[in-house]
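Here the structure is laid out as structure tokens; the discussion comes afterwards.
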Amino acid sequence: MSNKKLSGEVYFPSEKIIEKAHIKDRDDLDNRAKKDYSGFWSEIANELHWFQKWDKVIDDSNKPFYRWFTGAKTNIVYNCLDVHTKTFRRNKLALIWEGENGESKTYSYFALHRETCKFSNILKSLGVQKGDRVTIYMGRTPEIVIAMLACARIGAVHSVVYGGFSVESLAERIEDSNSKVLIVSDGAYQRGKIVHLKQIADEALQRCGTVEHCLVIKRTGQEINMEQGRDMWYHELMNLPIATQNCALEIVDSEDPLFILYTSGTTGKPKAILHTHGGYMVGTYATLKYVFDIHEEDRYWCAADPGWITGHSYIVYAPLLNGTTSFLYEGAPNFPYPNRWWAMIEKYGINILYTAPTAIRGLMRFGESWVNRHDLSSLRLLGSVGEPINPEAWKWYHRVVGKEKCPIMDTWWQTETGMFMITPMPSVPLKPGSGTKPFPGIEMDIVDESGKSVKANEEGFLVIKTPWPAMIRTVYKDPERYISQYWSKYPGIYLTGDSARRDEDGYFWIIGRVDDVIKVSGYRLGTAEIESALVSHHSVAEAAAIGLPHELKGNAIYTYVILKSGIEKSPQLIEELRQHVSHEVGPIAKPEHIEFVDSLPKTRSGKIMRRVLKARALGQDPGNISTLEE
Ligand code: WTA
């Protein structure tokens, strides 16, 4: 590490942390990776099992459709499960789960392999084949992990829809992916109540016609509708003689699809981001190993939901690839009391906690005494993801939770990047609020409108200049959109959609989204989804949504609605519209604020100028409004 004095407030790692760290000098690794980028990644890839090695590490013959480890044969699930069952890890815990109601279950690598194989056999018997899409819609229970792995094991492509989404979001994702199988749970516990997932799924299935089989996991046991011929209980299927614990693994090409995951972008419907087996496997494996410094004896907890990319990469795949023990918790952080998380860290002896700033701010609100009731001395590393972490929350996390001895890994990445892109490592000096620098070998920059690098401390567009193994391969069924969204503003350069600045030490500071994405409590939503939900209500003619700063949630959704003529404005209607958005998109999308207006600022070509709405709401100057229609 260079001894150059760093500016601003800096937190240095202890000797003990550095001594244990896999990577003791990130700059050195970065130099090595930049000198021989392919060599760097192939060395890491060699730590994993391949049925056949690659001809080429990076194939850039058809940019921006990069391909990684071309010609290689593998299956990510083989590296997640099978390899461990052949070593002492066979009896090591892969997964520890606690339900919100206090129930708990554990799975060794052997057991997780067994359950996965059994479920793969069920899926096969229902006709699921390599390349078929399967939609998964459930709460945080071990079966979501099993379902994802069971699909991948047979080469099917999972499409997980977060359990906090609702009817229309689910219907449109099932339809777009053309899934014939839906895996759902009867319900999920959340803050002591039941979320009626099967009921939402029933309503969604009425709106789309692709699903032939709906497999239902019994979690809460409440009365639900089971449609004959379509719906089947998971536990009954898993008891059938065909559900044997041996299931031949599908050997796939490195570039065969592993999953699609819908996410919000600029305008229009959510798009399905496609990830593949080989590169995604190598990228997620390496980043978790180096950044969260995984060691054999660790117990690791990523408190995200498996239904988002953070859960896909860092609850399901990367921890299993690293052979670590993961913890999964079903419910709310403050149920039944605000000490729930801290109690579980103590109870299970968690060493690594990875969560989002919004959760930290939420728990901070309850005060330190809830944390201090518990022995958190097992913690070694902390992590943050999803939105910029404000220095106040960072310092509280560091002091109160980490007792000033746990470095915080503030990881910047996206559904599209699949893996951490800007991230510290335990041995790196930290500045509260900065994710420090890009992962070794990866070149990122901050540029102006014309694509020129901006000066230190100036704001600009955050871009990525090198391909990376876990990168998005395409937008499923829409390669044009892949090019136009990410690679066309600056040809050959990946546009992240974020703005950022870089300080005089080269540390990156993320400012936020510059497109129509709103990050609410770390959840990624699009203005278009919220607006189309509002417009689907019979009293609404037009609507616009924007995100405004919110102390707890990071951003809150503000909406502006033009009612159809003859409709009365009333507080009841506001509540009805909020409920309507919640029912269609999901509770996370419920607008904080709805205002009835007579007109919306639009360009002459009819596009809503959300920037103008935002400036008005914040009492700021809207800037250039020359394109504004009269
Ligand atoms: C934001 C989540 C600041 C950013 C993994 C990005 C962050 C978007 C950070 C992607 C961070 C994620 N600091 N901002 N550490 N991590 N973001 O696809 O705006 O749900 O573009 O992936 O989250 O959100 P997504």
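All residue numbers in this chain count up from 1 along the given sequence. Ligands are counted one by one from 1 in listed order, and the atoms in each one are counted from 1 as well. Quick note: numbers below take in every heavy atom, side chains included, and nothing from hydrogens, waters or symmetry partners. Quick caveat, the model's predicted, so the values are computed rather than measured.
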Between Tyr137 and Arg173, does the side chain to side chain donor-acceptor pair (under 3.5 Å) criterion hold? Intermediate values first, please. CA-CA 11 Å; Tyr137 179 63; Arg173 285 160 173 77; over 6 Å; no
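- Proximity of the aromatic rings of Trp413 and Tyr314 is defined here by a centroid distance below 6.0 angstrom, and this criterion is met.
- Protein heavy atom nearest atom 24 (O) of ligand 1, with residue, atom name and distance: Lys519 NZ, 2.8 Å.
- Taking every heavy atom of Ile510 and a limit of under 4.0 angstrom, the matching atoms of ligand 1 come to 3 (C), 14 (N).
- Backbone and side-chain nitrogen or oxygen atoms of Thr310 are examined, and none is located within less than 3.5 angstrom of a nitrogen or oxygen of ligand 1.
- At least one N/O-N/O distance between Thr415 and ligand 1 falls below 3.5 Å.
- Considering backbone and side-chain N/O atoms, Asp498 comes within less than 3.5 Å of an N/O atom of ligand 1.
- Annotation: atom 10 (C) of ligand 1 to nearest protein heavy atom, Trp413 O, 3.6 Å.
- Contact check for His275 versus Arg473: no side-chain heavy atoms found under the 4.5 Å cut-off.
- Closest protein heavy atom to atom 1 (C) of ligand 1: Gly386 O, 3.3 Å.
- Scanning the protein heavy atoms around atom 13 (N) of ligand 1, the nearest turns out to be Glu387 O, 3.3 Å.
- Taking the six-membered ring for Trp, Tyr482 and Phe65 have ring centres closer than 6.0 Å.
- Taking a 4.0 Å cut-off on heavy atoms, Pro388 registers as neighbouring ligand 1.
- One finds a salt bridge joining Lys489 and Glu449 here, because a Lys/Arg side-chain nitrogen approaches an Asp/Glu carboxylate oxygen to under 4.0 Å.
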List the steps and the verdict of side-chain contact (heavy atoms from CB on, under 4.5 Å) for Lys590 and Val581. CA-CA 6 Å; Lys590 200 194 261 185; Val581 176; 5.6 Å; no
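- Taking any N or O of Asp410, backbone or side chain, at least one lies under 3.5 Å from an N or O belonging to ligand 1.
- In the vicinity of Val385, heavy-atom distances shorter than 4.0 Å reach the ligand 1 atoms 5 (C), 16 (N).
- In terms of polar-atom proximity, Ser384 is not counted as a contact of ligand 1, lacking any N or O under 3.5 Å from an N or O of the ligand.
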Could you go through Phe420 and Trp412, starting from their C-alpha distance and side-chain angles, then the distance that decides it, and tell me whether this counts as ring-ring contact (aromatic ring centres under 6.0 Å, His included)? CA-CA 6 Å; Phe420 306 151; Trp412 179 94; over 10 Å; no
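- Of all the heavy atoms in His550 and Glu592, the pair that sits closest is NE2-OE2, 3.7 Å.
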